[in-house]
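Heads up, the thing below is written out as structure tokens.
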Amino acid sequence: MAASTTTVVLPPLQIETVNVTLIGDTPLIVHRWSEKAKKQMLDKQMKKATAGKEAKDPERDFRESLYVLEDGSYGFPIIGFKAAAVTACTSIGSMTKVAARQAFHVDGEFAVIEGDEPTMREDMVRVVMGTADIRYRGEFRNWFTTIAVKYNANVMSAEQILNLMQTAGFAVGVGEWRPEKDGQYGRFHVATAQEMKIIEEMRGKKRAA
């Protein structure tokens with residue numbers, strides 16, 4: 001008897017992309033793992049002998065906290081914006097976090113942070129066993145960024161993506177001391193049409209310069 005064949009027709013995924021510009025409502029605090037910190041962690045895991053604690057270098061700590069891209073611009077891990085949007089699902093209730101993770105993705109590794117140049121901030125923090133320490137990190141006081149969001153239009157709409165981002169900016173945030181971590185930094189909102197005009201004018205002047 002000849003083997004029968006079955007033709008399976010797969011419904012096409014309707015993948016679309018929307019560029020979303022996000023404008024900071026509160027300063028963005030960044031804290032990249034420095035090479036020194038990663039080496040200290042590796043040495044500890046490998047049980048290597050360590051030298052005494054180095055003297056603090058605030059300027060170096062500040063510079064190493066920044067994500068500097070190949071073209072000299074500043075960035076922030078783009079996955080942080082997706083994570084914020086996924087977490088925001090708990091505030092909306094119309095979609096689960098699992099469904100959101102599968103329904104949309106963000107392109108690239110880093111979002112380019114535009115606006116003000118970063119400034120150094122000094123903060124008192126509590127580390128292991130409640131020990132106090134001083135941290136020097138970069139802060140963008142006035143910032144904005146544009147991210148490309150790819151989504152399955154069979155599952156979500158562009159309006160839902162924008163609503164998630166808007167909610168994420170208010171309720172979750174990105175960076176250090178964000179609302180998700182009981183802070184107030186790293187909040188943002190989706191740019192309005194009027195704000196986009198201003199941003200495009202700024203970008204045009206920068207390109208011309």
Side-chain angles (χ1 to χ4, degrees), residues 8-33 37-38 41 65-67 69 74-115 123 125-128 135 137-140 142-193 195-196 199:
V8 177
V9 179
L10 296 176
L13 293 175
Q14 190 178 345
I15 305 301
E16 298 184 9
T17 301
V18 58
N19 291 322
V20 185
T21 297
L22 307 171
I23 299 178
D25 293 319
T26 55
L28 171 65
I29 304 174
V30 297
H31 190 191
R32 182 180 70 90
W33 282 99
K38 289 188 286 187
M41 187 180 300
S65 74
L66 302 170
Y67 297 89
L69 308 184
Y74 298 102
F76 185 83
I78 205 167
I79 193 63
F81 292 99
K82 178 176 180 177
V86 169
T87 301
C89 289
T90 58
S91 297
I92 296 176
S94 59
M95 177 174 289
T96 66
K97 293 169 70 172
V98 172
R101 287 192 187 97
Q102 299 172 356
F104 73 96
H105 304 283
V106 286
D107 284 343
E109 184 177 1
F110 293 102
V112 177
I113 302 299
E114 302 179 73
D123 295 302
V125 298
R126 292 286 178 181
V127 290
V128 181
R135 293 286 166 83
R137 296 171 289 193
E139 173 184 273
F140 295 88
N142 295 291
W143 62 277
F144 61 92
T145 187
T146 298
I147 61 175
V149 182
K150 285 186 176 178
Y151 63 99
N152 184 354
N154 294 328
V155 179
M156 295 187 76
S157 66
E159 289 76 11
Q160 286 177 304
I161 292 289
L162 296 178
N163 186 40
L164 265 182
M165 288 295 174
Q166 186 83 339
T167 305
F170 178 79
V172 185
V174 291
E176 300 293 298
W177 289 2
R178 59 189 180 272
E180 181 186 17
K181 300 297 183 180
D182 297 326
Q184 59 178 337
Y185 293 87
R187 300 205 316 264
F188 56 86
H189 68 271
V190 176
T192 64
E195 288 172 327
M196 282 305 304
I199 287 173

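Here, residue 1 is the first one in the sequence, and each next residue gets the next number. It should be emphasised that the depicted structure is a prediction, and the values quoted were computed from it without experimental measurement.
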Could you give the distance from CG (N19) to CD1 (I147), rounded to the nearest 0.5 Å? 9.0 Å
To check you understand the geometry: which heavy-atom pair defines the closest contact between I113 and G75, and what is its length? CG1-C, 3.9 Å
E109, CD atom: more than 12 neighbouring heavy atoms under 6.0 Å: no
Check side chain to side chain donor-acceptor pair (under 3.5 Å) between E114 and all other residues, then give those that pass, not counting sequence neighbours. R203
Separation of I15 CD1 from Y151 OH (nearest 0.5 Å): 10.0 Å
Working to the nearest 0.5 angstrom, can you tell me the gap between T90 OG1 and M95 CE? 13.5 Å
Just verifying a value: how many Å separate T96 OG1 and R101 CZ, rounded to the nearest 0.5 Å? 8.5 Å
Kindly say whether V112 contributes a backbone atom to a donor-acceptor pair with the side chain of T145 at under 3.5 angstrom? yes
How would you list, by chain and number, every residue that makes a salt bridge (Lys or Arg N to Asp or Glu O under 4.0 Å) with R187, sequence neighbours excluded? none
M156/I161 under side chain to side chain contact (heavy atoms under 4.5 Å, CB included): CA gap, chis, key distance, verdict: CA-CA 7 Å; M156 295 187 76; I161 292 289; 3.8 Å; yes
Reported CG-to-CD1 distance for the pair D25 and I23, which is rounded to 0.5 angstrom: 8.0 Å
Which atoms form the tightest heavy-atom contact between P179 and G173, and what is the distance? CD-CA, 4.0 Å
Residues which pass side chain to side chain donor-acceptor pair (under 3.5 Å) with T21, listed by chain and number, not counting sequence neighbours: T146
Going by salt bridge (Lys or Arg N to Asp or Glu O under 4.0 Å), name the residues that satisfy it together with E16, two or more places apart in sequence or in a different chain. none
Would the distance check show the side chain of W143 and the main-chain N or O of G186 forming a donor-acceptor pair, the cut-off being under 3.5 Å? no
Side chain to side chain contact (heavy atoms under 4.5 Å, CB included) evaluation trace for L28 with V174: CA-CA 7 Å; L28 171 65; V174 291; 3.8 Å; yes
Ring-face cation of K82 near F104 (centre distance under 6.0 Å, axis angle within 45°): yes
Which is it for F110 and F76 under the ring pair (Phe, Tyr, Trp, His ring centres under 6.0 Å) test, yes or no, and what are the steps along the way? CA-CA 5 Å; F110 293 102; F76 185 83; 8.7 Å; no
Decide yes or no on side chain to side chain contact (heavy atoms under 4.5 Å, CB included) for H31 and R135, but give the supporting numbers first. CA-CA 10 Å; H31 190 191; R135 293 286 166 83; 4.0 Å; yes
N/O donor-acceptor pair under 3.5 Å between Q160 side chain and S157 backbone: yes
Hits for salt bridge (Lys or Arg N to Asp or Glu O under 4.0 Å) against D123, two or more places apart or cross-chain, chain-then-number order -> R121, R137
Provide the full list of ring pair (Phe, Tyr, Trp, His ring centres under 6.0 Å) pairs with a residue in residues 165-193, sequence neighbours left out, each pair given once. F81-F188
Evaluate the side-chain proximity of L22 to M165: yes if any heavy-atom separation is below 4.5 Å, no if none is. yes
If I compare all heavy atoms of D107 with all of K150, which pair ends up nearest, and what's the gap? OD2-CE, 3.2 Å
To the closest 0.5 Å, what do you measure between CG (L164) and CG (L162)? 9.5 Å
V149 vs H105, side chain to side chain contact (heavy atoms under 4.5 Å, CB included): CA-CA, chis, key distance, verdict: CA-CA 6 Å; V149 182; H105 304 283; over 6 Å; no
Do Y74 and F140 have their ring centres less than 6.0 Å from each other? yes
Can you give me the closest heavy-atom contact between A111 and I78, atom names plus distance? N-CB, 3.9 Å
Least distance between heavy atoms, T17 atom then A148 atom: CG2-CB, 4.2 Å
Mind listing the closest non-hydrogen atom pair of S65 and G138 along with its distance? OG-N, 2.9 Å
